[in-house]
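In this text the structure is predicted, and so the values were computed from the model without any measurement.
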Amino acid sequence: MNIRDKVIAITGASSGIGEATALRLAEHGARLALGARRTERLEALAARIRDCGGDALVQPLDVTRRDQVERFIDNTVATYGRLDVLVNNAGVMPLSRMVDLKVDEWERMVDVNIKGVLYGIAAALPVMQAQHAGHIVNVSSVAGRHVFPTAAVYCASKFAVHALSEGLRQESPFMRVTVIAPGAVESELTGTISDPVMKKEVDEVFRRDLLPADAIARAIAYAIGQPDDVDVNELVVRPTAQAY
């Protein structure tokens, strides 16, 4: 695969899809920059990668802070000399009914799921434009294609990721843009649901058939690993049993 020695920065790398993607790409010889708020988990992940002969840079990262995202990309370029791929993976999913008026949670989803992606694009785009090459992978969701009760704001944030990605692709012939839209995946996303009754319902009804996070990591590796003249624009990856 066309991955060895590529410099790949991953947000939300401390668990779930981000962690699995880091491990998968390290196996293919990528040089990694790992960002997340939980640095102790990042350090443990980086140690696993280094123990297997890989290369990983760790940096504290809150994607809602534009200055931290810029520093994350700047430090990646300063360390490795370039940036080949940015995986915008960080996300939250505090589901609730609109009538519950959990406005603080709505704002958190907008800040992480939309603005966090925009900050990543804003930091990486000048680097990739100067290189005349690059690849941005935005992790969205099947919720960016269909709207579900209790998920209106979450779906809106993921619809936005699809729109931003397509606009970026059309405007940027010098680089590749990929949207990864997972279905139900083993992750910590439901941990952000503040209503215990709703969390139990989501876990029992909507998350019975879960893909391992590595299934999404393999999809990301597939998109990154294509020849430079091939741009995989969108991959939707669901459990076989998932209907919606």
Search all heavy atoms of [X] against all heavy atoms of [Y] and return the closest pair with its distance.
X      : Y      : value
Ala30  : Ile3   : CB-CG2, 3.9 Å
Met128 : Asp84  : CE-O, 3.9 Å
Ala223 : Arg176 : O-NH1, 3.8 Å
Val142 : Ala181 : CG1-O, 3.9 Å
Ala13  : Leu45  : O-CD2, 3.2 Å
Arg38  : Ser14  : NH2-OG, 3.3 Å

[atom1]-[atom2] distance between [X] and [Y], expressed to the nearest 0.5 angstrom:
X      : Y      : atom1 : atom2 : value
Ser15  : Leu42  : OG    : CG    : 9.5 Å
Leu61  : Thr39  : CG    : OG1   : 11.5 Å
Thr150 : Leu95  : OG1   : CG    : 4.5 Å
Met175 : Gln131 : CE    : CD    : 10.0 Å
Leu125 : Leu83  : CG    : CG    : 11.0 Å
Arg24  : Ile216 : CZ    : CD1   : 12.0 Å

Any side-chain heavy atom of [X] within less than 4.5 Å of one from [Y]?
X      : Y      : answer
Thr21  : Ile8   : no
Leu23  : Glu27  : no
Glu234 : Arg145 : yes
Thr178 : Asp231 : yes
Val153 : Lys102 : no
Ile17  : Pro182 : yes
Ile10  : Leu25  : yes

Indicate if [X] and [Y] have the same hydrophobic cluster label, given that clusters are the connected sets of ILVMFWY residues with side-chain heavy-atom separations under 4.5 angstrom.
X      : Y      : answer
Val137 : Phe159 : no
Tyr154 : Leu101 : yes
Val117 : Val179 : no
Leu118 : Phe72  : no
Val232 : Met1   : yes

**Study point:** Results of side-chain hydrogen bond (donor to acceptor under 3.5 Å, both in side chains) for Asp111 - residues two or more places apart only
**Key:**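 Scan of Asp111 (side-chain hydrogen bond (donor to acceptor under 3.5 Å, both in side chains), adjacent residues dropped) gives none.
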Exercise for review: Applying side-chain hydrogen bond (donor to acceptor under 3.5 Å, both in side chains), name anything that partners Arg37, two or more places apart in sequence or on another chain.
Suggested key: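 Expected list: none.
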For [X], look at atom [atom1] and say whether over 12 heavy atoms of other residues, nucleotides or ligands are found less than 6.0 Å away.
X      : atom1 : result
Tyr222 : OH    : no
Arg169 : CZ    : yes
Arg108 : CZ    : yes

Exercise for review: Just jot down the salt bridge (Lys or Arg N to Asp or Glu O under 4.0 Å) partners of Glu107, sequence neighbours excluded, or say none.
Suggested key: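 By the salt bridge (Lys or Arg N to Asp or Glu O under 4.0 Å) rule, Glu107 matches no residue at all.
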Exercise for review: Determine, stepwise, if the pair Asn113 / Val92 fulfils side chain to side chain contact (heavy atoms under 4.5 Å, CB included).
Suggested key: CA-CA 7 Å; Asn113 297 355; Val92 293; 3.9 Å; yes
Practice item. Take Ile49 and Leu34, measure what side chain to side chain contact (heavy atoms under 4.5 Å, CB included) needs, and give me the verdict at the end. Key: CA-CA 11 Å; Ile49 291 170; Leu34 309 176; 4.3 Å; yes
So, the side chain of [X] versus the backbone of [Y]: is there a donor-acceptor pair under 3.5 Å, distance only?
X      : Y      : answer
Glu105 : Ser96  : no
Arg31  : Val7   : no
Thr64  : Val112 : no

Point to revise | Test: Arg71 and Asp67 ion pair at under 4.0 Å | key: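 Salt bridge: yes.
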Practice item. Report the C-alpha separation of Ile224 and Asn2 in whole Å, then their side-chain angles, then the decisive distance to 0.1 Å, and conclude whether the side chain to side chain contact (heavy atoms under 4.5 Å, CB included) test is met. Key: CA-CA 7 Å; Ile224 294 172; Asn2 184 27; over 6 Å; no
Practice item. Determine, step by step, whether Asn138 and Leu164 satisfy the side chain to side chain contact (heavy atoms under 4.5 Å, CB included) criterion, reporting the C-alpha distance in whole Å, the side-chain angles of both residues, the deciding distance to 0.1 Å, and the verdict. Key: CA-CA 9 Å; Asn138 293 327; Leu164 293 169; 5.7 Å; no
